[in-house]
Amino acid sequence: MKKFVQSPRVQQLLGVLSLIVAWIVLFAFFSIKKPDSFPTLDNVQGLARQGTIVCFAALGMTCVIISGGIDLSVGSLVALTTVVIAIVLQKTNGNVLYAVLAALGTGALSGFVNGMLITRLKVSPFITTLGSLLIIRGLAQFWAKDTRVDAPDNALIGLLAKLDKPDHWKLVPIGVWMLIIGAAIVSLTITRTRFGRHIVAVGSNENAARLCGVPVERVKLLVYVLVGFLTGIAG
């Protein structure tokens with residue numbers, strides 16, 4: 001019995017089950033405290049909509065943390081990509097494609113710069129991303145001119161908009177479904193692909209991974225580009 005409980009797969013399953021049980025307990029507690037408003041479809045939709053932006057950035061952060069790194073600039077990058085989207089929408093009369101490409105490019109470029117500083121100049125991830133946090137925040141404030149940037153109406157607004165009654169069959173907005181699909185892709189990438197195994201190897205023991213032929217610097221660089229890209233989606 002002890003060996004069964006200590007097996008890696010059982011430990012992983014127990015970890016997942018513990019999170020599910022904790023979520024059920026919390027949901028039940030607040031449902032009892034606020035029975036008229038909390039256990040409703042509108043509230044669940046609201047929670048999902050509000051958490052989607054953070055969760056997209058968290059998907060990339062998961063890969064960074066598994067690789068043994070850290071990225072403190074994610075929050076500032078969300079702000080910057082949001083500003084970029086709004087400005088591009090203004091300049092292009094609401095062209096969603098250009099806005100999305102600009103946001104993804106901005107996020108990926110930021111991750112690339114962080115990754116290059118970490119892998120080529122050997123600067124600590126903590127110091128690198130702390131510095132980029134301040135720079136990126138400054139860029140966001142500069143481009144926004146320290147004020148709110150209003151974008152014209154566009155299709156992006158509907159991704160996380162509250163569902164009307166005829167659309168309740170969707171359960172949650174399209175943006176939340178995109179997050180679920182993205183989470184599944186990231187999970188499969190980490191657990192089922194060579195790149196994912198390299199990420200785990202680098203995070204477990206960087207020197208051993210290098211001796212085994214893992215391109216450590218390339219993996220780290222790609223991980224930081226990935227977190228930037230996913231943060232661009234969050235924006």
Margin query: Any heavy-atom pair between the side chains of Cys63 and Ile190 that's under 4.5 Å?
Written below: yes
Check: With a 4.5 Å heavy-atom cut-off, do Phe56 and Thr231 have their side chains touching?
Finding: no
Notebook entry, point to check: Is the backbone of Phe142 close enough, under 3.5 Å, to the side chain of Lys145 for a donor and an acceptor to pair up by distance?
Noted result: no
Notebook entry, point to check: Can you tell me how far the CD atom of Gln141 sits from the OG atom of Ser76, to the nearest 0.5 Å?
Noted result: 8.5 Å
Notebook entry, point to check: In the single-linkage hydrophobic clustering (I, L, V, M, F, W, Y; side-chain heavy atoms under 4.5 Å), do Leu121 and Val202 co-cluster?
Noted result: yes
Notebook entry, point to check: Do side-chain atoms of Thr193 reach the backbone of Gly196 as a donor and acceptor pair under 3.5 angstrom?
Noted result: yes
Checklist line | Full working for side chain to side chain contact (heavy atoms under 4.5 Å, CB included) between Val123 and Ile118 | finding: CA-CA 5 Å; Val123 182; Ile118 292 168; 5.6 Å; no
Margin query: How long is the straight-line distance from CZ of Phe112 back to CZ of Phe229, given to the nearest 0.5 Å?
Written below: 16.0 Å
Check: Would Phe29 end up clustered with Leu26 when hydrophobic side chains under 4.5 Å apart are linked, directly or stepwise?
Finding: yes
Next item on the list: Supply the atom-to-atom distance Ile181 CD1 to Leu179 CG, rounded to the nearest 0.5 angstrom.
Entry: 9.5 Å
Notebook entry, point to check: Is it true that Glu217 and Arg120 make a salt bridge, defined as a side-chain N closer than 4.0 Å to a carboxylate O?
Noted result: no
Would you give me the side-chain donor-acceptor pairs under 3.5 Å for residues 131-140, sequence neighbours excluded?
unit_1, atom_1, unit_2, atom_2, d
Ser132, OG, Asn114, OD1, 3.2
Ser132, OG, Thr128, O, 3.3
Ser132, OG, Thr129, O, 3.0

Next item on the list: Would you sort out whether Glu206 and Lys220 count as a side chain to side chain contact (heavy atoms under 4.5 Å, CB included), showing the intermediate values?
Entry: CA-CA 10 Å; Glu206 184 176 320; Lys220 285 185 175 181; 2.8 Å; yes
Checklist line | Student check: side-chain heavy atoms of Val219 and Val214 closer than 4.5 Å | finding: yes
Next item on the list: Using the rule that two of Ile, Leu, Val, Met, Phe, Trp, Tyr join whenever any of their side-chain heavy atoms come within less than 4.5 Å, decide whether Val113 and Ile127 are in one cluster.
Entry: yes
Check: Measuring from Thr52:OG1 to Ile233:CD1, what's the distance to the nearest 0.5 Å?
Finding: 12.5 Å
Notebook entry, point to check: Passes side chain to side chain contact (heavy atoms under 4.5 Å, CB included), Val223 versus Phe195? Steps please.
Noted result: CA-CA 10 Å; Val223 164; Phe195 177 59; 4.1 Å; yes
Note to self: Are Phe126 and Met61 linked, directly or through intermediate hydrophobic residues, by side-chain heavy-atom contacts shorter than 4.5 Å (ILVMFWY only)?
What the structure shows: yes
Check: Looking at Ile66, Ile65, Thr189, Thr62, which hits side chain to side chain contact (heavy atoms under 4.5 Å, CB included) with Ile199?
Finding: Ile66
Checklist line | Spacing of OG belonging to Ser124 relative to CG belonging to Leu117, to within rounding of 0.5 Å | finding: 11.5 Å
Item checked: Atom pair OG/OH of Ser110 and Tyr224 - distance to nearest 0.5 Å -> 11.5 Å
Check: Quick check: does any side chain N or O of Thr81 sit under 3.5 Å from a backbone N or O of Val78, one acting as donor and the other as acceptor?
Finding: yes
Item checked: From CA spacing to verdict: side chain to side chain contact (heavy atoms under 4.5 Å, CB included), Ile85, Tyr98 -> CA-CA 8 Å; Ile85 289 174; Tyr98 289 161; over 6 Å; no
Note to self: Do Arg218 and His198 make a side-chain contact, defined as non-hydrogen atoms from C-beta onward lying under 4.5 Å apart?
What the structure shows: no
Item checked: Nearest heavy atoms of Ala102 and Val84, plus distance in Å -> CB-CG1, 3.7 Å
Checklist line | Asn205 vs Asn207 side-chain heavy atoms within contact, under 4.5 Å | finding: yes
